[in-house]
Undergrad: 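Okay, handing you the structure first.
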Amino acid sequence: MKKILDLISDEMMQAFEQAGYDRALGRVTLSNRPDLCEYQCNGAMAGAKQYKKAPIMIANDVAAKLADSAVFAKAEAVAPGFLNLTLKREFVGDYIKKMRADRKYGLEEAKNPAKIVLDYGGPNVAKPLHVGHLRSAIIGESVKRIARYMGHTVIGDTHLGDWGQPMGLIMNELKIRKPELVYFDENYHGEYPADPPFTISELEEIYPTASKRSKEDEAYKADAMACTFKLQSGVAGYRALWKHIIAVSVTDLKKIYEKLNVDFDLWNGESAVHDMIPGMVEAMKEGGYAYLSEGALVVDVKEETDTKEIPPCMILKSDGAALYNTTDLATIMMRMETEQPDRIVYVVDKRQELYFEQVFRCARKTKLVQEDTELKFLGFGTMNGKDGKPFKTREGGVMRLENLIQQINDEMLRKIKESRETSDEEAAATAQVVGLAALKYGDLSNQASKDYIFDIDRFTSSEGDTGPYILYTIVRIKSILAKFTENGGNVQAVLSEIKAPVNDSEKQLMMELAKYNASVEAACDEYAPHKICAYIYDLANAFNHFYHETKILAEDDADRKAGWIALLALTRDVLETSIDLLGFSAPERM
RNA sequence: GUUUCCUUAGUUAAAUGGAUAUAACAGCCCCCUCCUAAGGGGCAGUUGAGGGUUCGAUUCCCCCAGGAAACGCCA
């Protein structure tokens with residue numbers, strides 16, 4: 001279905017053409033002055049020079065052609081040359097009626113669906129998720145859902161950190177604590193136990209302890225490196241132990257991601273590409289791309305158009321070991337082999353932008369990807385505390401994601417109990433649903449690339465531009481529809497009864513609904529979930545305004561009432577589809 | 001030091017080069033015999049400084065001030 005703005009523009013362009021002007025001038029935009037008109041066209045001013053004519057004269061010529069337009073109730077030329085437009089009620093009602101009948105509410109899927117690998121999440125094995133992982137998860141999940149809804153094929157890969165030094169540290173510490181474990185007996189050749197020799201909480205305690213000690217104790221560090229080496233070279237006991245670490249961690253990670261309503265198609269870790277590294281490095285050497293510099297193996301990625309110095313991309317450290325770059329490049333290689341994506345998108349902290357620029361250039365130069373494979377860095381800003389500095393616990397430490405979620409839920413629960421009589425059970429369930437919306441909306445409503453301030457009071461408030469406000473609006477609609485059903489009405493039966501709007505707030509609501517397809521499309525093209533947030537906030541506002549001015553269930557005219565019920569159902573459907581794209585949902589009551 | 005990004009109301013955030021810069025929160029004032037007042041309506045308050053391009057600049061260019069980040073063996 002065409003976007004409403006395109007339909008309006010078509011009508012305007014035709015008028016420009018009929019009046020003897022370039023039709024390209026007839027592009028219409030949303031009004032900047034809602035007090036004066038609904039839509040506007042500034043083409044007359046743009047064309048003034050070309051036609052050596054006062055803008056107002058051009059605008060008058062065009063307006064004359066629109067006198068009996070089927071689209072515009074009013075099209076007037078205003079000084080210095082604006083064309084102020086008001087839509088016909090029938091035109092708006094008709095558009096919404098068609099939108100209702102459309103499977104995706106008027107949204108057209110992408111003409112060239114792409115296969116996209118989306119790299120987000122980035123958790124590390126044996127380390128609890130902390131607030132730093134939050135944005136990647138939330139933004140990535142939403143980008144994934146939006147792109148899929150637009151018809152693209154998206155593969156979400158968490159790119160687990162499961163291979164490097166941390167693994168060696170854990171194993172070494174474990175060896176010290178429990179040397180009797182069979183995994184450390186290199187003469188053992190039997191089956192290894194199926195149950196892990198540690199719990200997740202032990203694991204989470206072991207890593208920081210080991211990490212700290214390795215910084216103070218050289219011998220300890222050397223032992224840990226030896227463990228890393230044994231793992232990477234395939235010593236059976238170490239591999240078996242490592243598998244336990246992964247299994248225990250991933251189970252725990254999945255639990256928390258589930259709480260966030262985030263899931264991945266692939267749990268490939270850095271380990272998955274380990275075996276590809278030697279071949280890849282060799283190919284880079286043979287291709288004449290990689291050379292030794294200061295002892296390390298690097299690939300130059302400078303380009304003539306650079307305004308800044310881009311350091312070469314390091315492939316191997318001077319001790320010959322692989323590093324982050326190496327695994328990322330190998331991961332690109334693997335993805336190209338297994339998935340052949342058109343696009344690989346990384347949802348990563350924006351501070352890594354230069355690093356990824358190097359990796360992308362290196363991948364391109366060494367032909368790991370095809371020329372038309374798009375590599376996209378989607379950097380996000382930091383979540384800050386109220387002091388404007390990166391978010392910390394009161395003690396100054398890193399806050400675990402679990403605790404953050406719990407804080408939001410507790411606050412939500414407190415608010416629910418304060419405002420309404422409910423059973424403890426229902427209140428707790430509602431608090432979870434609304435809490436997640438508060439958290440996600442609070443994050444996603446900001447431009448991903450910007451830093452933002454995490455403010456629990458603001459996010460959980462139902463006043464203003466917040467998740468709870470959106471949910472409350474949906475719940476209100478559901479409540480009316482439920483009452484309608486209770487009184488013997490049938491919502492399904494009246495869905496197609498949408499009519500031309502009879503009052504202003506109804507028309508406003510319809511015009512907001514009509515922007516749905518354009519909003520989702522823009523959000524997808526620009527990887528910008530915040531555009532969907534802005535859209536549903538406007539829509540919720542338009543609905544609440546309409547709600548206050550209109551007594552829906554008390555309406556005597558059955559026809560009119562049916563139309564309103566249909567409008568409500570559509571509003572609910574659009575809102576619920578939208579929040580699903582953002583990665584949260586609404587309760588039945590709150 | 002070099003480079004990049006940012007600077008909008010008291011605060012947090014919006015605005016393909018268009019009119020009187022848009023909202024929210026906080027502040028002040030109204031509205032529940034009425035479908036959830038977790039709502040609605042109203043008042044007041046803003047583009048860091050200076051140049052330039054343009055009929056028109058928050059937006060593009062230059063410069064200054066303030067902030068953040070990145071800058072080869074961490075990820």
Side-chain angles (χ1 to χ4, degrees), chain A residues 27 29-37 40 42 45-46 48-49 54-55 78-82 84 122 124 161 164-166 270 293-298 306-319 321 323-325 327-328 348-355 357-358 379 381-382 384 386 388-389 415-416 418-420 434 442 445-447 449-453 455 457-458 460-466 468-469 471-473 475-484 487 522 530-531 533-534 537-538 540-541 544-555 564 568 589-590:
Chain A
R27 206 151 57 91
T29 60
L30 204 58
S31 169
N32 292 317
R33 291 288 305 273
D35 53 321
L36 299 178
C37 57
Q40 66 184 58
N42 304 330
M45 287 181 292
K49 200 176 257 178
V78 179
F82 294 102
N84 287 352
N124 291 309
Q165 194 66 11
E270 293 169 322
S293 160
E294 296 172 33
L297 191 69
V298 302
D306 289 342
T307 54
K308 61 177 170 182
E309 186 79 11
I310 305 274
C313 180
M314 189 177 295
I315 309 300
L316 293 177
K317 298 195 281 188
S318 44
D319 64 359
L323 71 165
Y324 187 38
N325 308 42
T327 44
D328 264 322
V348 184
D349 191 308
K350 71 177 173 190
R351 284 173 291 195
Q352 294 188 34
E353 183 160 22
L354 174 62
Y355 163 75
E357 180 65 29
Q358 290 174 284
T382 317
N384 290 331
K386 275 188 183 172
K389 300 210 174 102
K415 286 193 165 131
I416 289 168
E418 204 175 77
S419 68
R420 209 168 180 282
V434 185
S445 55
N446 297 287
Q447 282 182 39
S449 65
K450 288 195 166 185
D451 296 348
Y452 76 95
I453 291 181
D455 182 338
D457 294 327
R458 190 162 68 81
T460 59
S461 167
S462 53
E463 282 167 52
D465 190 7
T466 67
Y469 173 77
L471 296 196
Y472 176 71
T473 307
V475 165
R476 249 184 168 176
I477 298 174
K478 286 183 174 179
S479 168
I480 299 172
L481 294 178
K483 282 226 163 64
F484 178 73
N487 298 337
H530 82 274
K531 298 221 162 180
C533 292
Y537 179 60
D538 286 345
N541 270 331
N544 281 320
H545 185 74
F546 169 70
Y547 169 91
H548 271 272
E549 308 227 322
T550 319
K551 290 285 156 286
I552 296 153
L553 294 176
E555 175 61 38
W564 283 341
L568 256 60
R589 300 192 300 166
M590 63 188 272

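Labels below follow one simple rule: chain letters A, B, ... track the order of the sequence lines, proteins then strands, and each chain is numbered from 1.
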Undergrad: With a cut-off of less than 4.0 Å, is there a side-chain N or O of Lys478(A) near OP1 or OP2 of rU36(B)?
TA: no
Undergrad: Just N and O in the side chain of Asn32(A): are any of them under 4.0 Å from OP1 or OP2 of rA19(B)?
TA: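 Checking rA19(B) against Asn32(A), a side-chain N or O does come within under 4.0 Å of OP1 or OP2.
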Undergrad: Side chain of Gln447(A), base of rA13(B): donor and acceptor closer than 3.5 Å?
TA: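 Not at all, since no donor on one side and acceptor on the other fall under 3.5 Å apart.
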Undergrad: Between rC73(B) and rU16(B), how many Å separate the two P atoms, rounded to a whole number?
TA: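 About 40 Å, rounded to a whole number of Å.
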Undergrad: May I ask you to verify if any side-chain N or O of His548(A) is less than 4.0 angstrom from the OP1 or OP2 atom of rG41(B)?
TA: no
Undergrad: In Å and rounded to the nearest 0.5 Å, what is the CG to OH distance from Asn325(A) to Tyr355(A)?
TA: 4.0 Å
Undergrad: Hey, is the side chain of Lys483(A) poking within less than 4.0 Å of OP1 or OP2 on rU36(B), counting only N and O atoms?
TA: yes
Undergrad: Sticking with atom C1', work out how far rA57(B) lies from rA75(B), rounded to a whole angstrom.
TA: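 That atom pair is separated by 42 Å.
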Undergrad: Ignoring hydrogens and geometry beyond distance, is a side-chain donor-acceptor pair present between Arg476(A) and Asn544(A) at under 3.5 Å?
TA: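 Yes, Asn544(A) and Arg476(A) have a side-chain donor paired with an acceptor closer than 3.5 Å.
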Undergrad: Side chains of Thr29(A) and Asn42(A): any donor to acceptor distance under 3.5 Å?
TA: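 There is no such pair between these side chains.
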Undergrad: If I pick the C1' atom on rG27(B) and the same atom on rA69(B), what distance separates them, to the nearest angstrom?
TA: 36 Å
Undergrad: What's the closest nucleotide to the side chain of Met45(A) if the choices are rG18(B), rU12(B), rU16(B)?
TA: rG18(B)
Undergrad: Which sits closer to the 5' end of RNA chain B, Lys450(A) or Phe546(A), going by the nucleotide each is nearest to?
TA: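 Going by which nucleotide is closer to the 5' end, it is Lys450(A).
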Undergrad: Please report the distance separating the C1' of rG50(B) from the corresponding atom of rG18(B), rounded so that it comes out in whole Å.
TA: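 These two C1' atoms come out 24 Å apart once rounded.
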Undergrad: Can you tell me how far P in rC43(B) sits from the matching atom in rU12(B), rounded to whole Å?
TA: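 The same atom, P, in both gives a distance of 25 Å.
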Undergrad: Which listed nucleotide (rG39(B), rA23(B), rA38(B)) is nearest to the side chain of Ile416(A)?
TA: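 Looking only at side-chain atoms, Ile416(A) lies closest to rA38(B).
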Undergrad: Side-chain N or O of Tyr469(A) less than 4.0 angstrom from OP1 or OP2 on rG40(B)?
TA: yes
Undergrad: Among rG18(B), rA24(B), rC34(B), find the nucleotide with the atom closest to the side chain of Lys551(A).
TA: rC34(B)
Undergrad: Mind telling me whether rC32(B) is syn or anti, cutoff 90° either side of 0?
TA: syn
Undergrad: Hey, does the side chain of Thr550(A) reach the backbone of Tyr547(A) with a donor-acceptor pair shorter than 3.5 angstrom?
TA: no
Undergrad: Mind listing the closest non-hydrogen atom pair of Gln447(A) and His530(A) along with its distance?
TA: CG-CE1, 3.5 Å
Undergrad: Answer with yes or no whether Arg33(A) presents, from its side chain, a donor or acceptor under 3.5 Å of a partner atom in the base of rU20(B).
TA: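 Between rU20(B) and Arg33(A), which were checked side chain against base, a qualifying N/O pair under 3.5 Å is present.
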Undergrad: Using 0.5 Å steps for rounding, measure from the CG atom of Leu568(A) to the CZ atom of Phe546(A).
TA: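 Those atoms lie 6.5 Å apart.
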Undergrad: Closer than 4.0 Å, any side-chain N/O of Asn541(A) to the OP1 or OP2 of rA24(B)?
TA: no
Undergrad: Taking only the C1' atom of each, what is the distance from rA9(B) to rG51(B) in whole angstrom?
TA: 26 Å
Undergrad: For the residue pair Trp564(A) and Lys551(A), what are the closest heavy atoms and their distance?
TA: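 Trp564(A) and Lys551(A) have their closest heavy atoms at CZ3-O, 3.9 Å.
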Undergrad: Taking the side chain from Thr382(A) and the backbone from Asn384(A), do they hold a donor-acceptor pair closer than 3.5 Å?
TA: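 No, the answer is negative, given that no donor and acceptor are paired below the 3.5 Å cut-off.
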Undergrad: Rounding to the closest angstrom, what is the interatomic distance between rU11(B) and rA49(B) at atom P?
TA: 15 Å
Undergrad: At under 4.0 Å between heavy atoms, which parts of nucleotides 69-75 of chain B does protein reach? Answer with one letter per nucleotide, 5' to 3': B base, S sugar-phosphate only, - none.
TA: SSSBB-B
Undergrad: Looking only at side-chain atoms of Phe82(A), point me to the closest of rA38(B), rG18(B), rU20(B).
TA: rG18(B)
Undergrad: Measuring only the P atom in each nucleotide, how far is rU53(B) from rC6(B)? A whole number of Å is fine.
TA: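 Each nucleotide's P atom is 24 Å from the other's.
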Undergrad: Below 4.0 angstrom from OP1 or OP2 of rA37(B), is there any side-chain N or O of Tyr547(A)?
TA: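 The answer is yes; a side-chain N or O of Tyr547(A) sits under 4.0 Å from OP1 or OP2.
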Undergrad: Please report, rounded to the nearest Å, how far the P atom of rA23(B) is from the NE2 atom of His545(A).
TA: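 To the nearest whole Å, that distance equals 13 Å.
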Undergrad: Looking only at heavy atoms, what is the nearest atom pair of Pro55(A) and Met45(A), with distance?
TA: CB-CG, 3.7 Å
Undergrad: Are any of Ser419(A)'s side-chain N or O atoms less than 4.0 Å away from OP1 or OP2 of rA38(B)?
TA: no
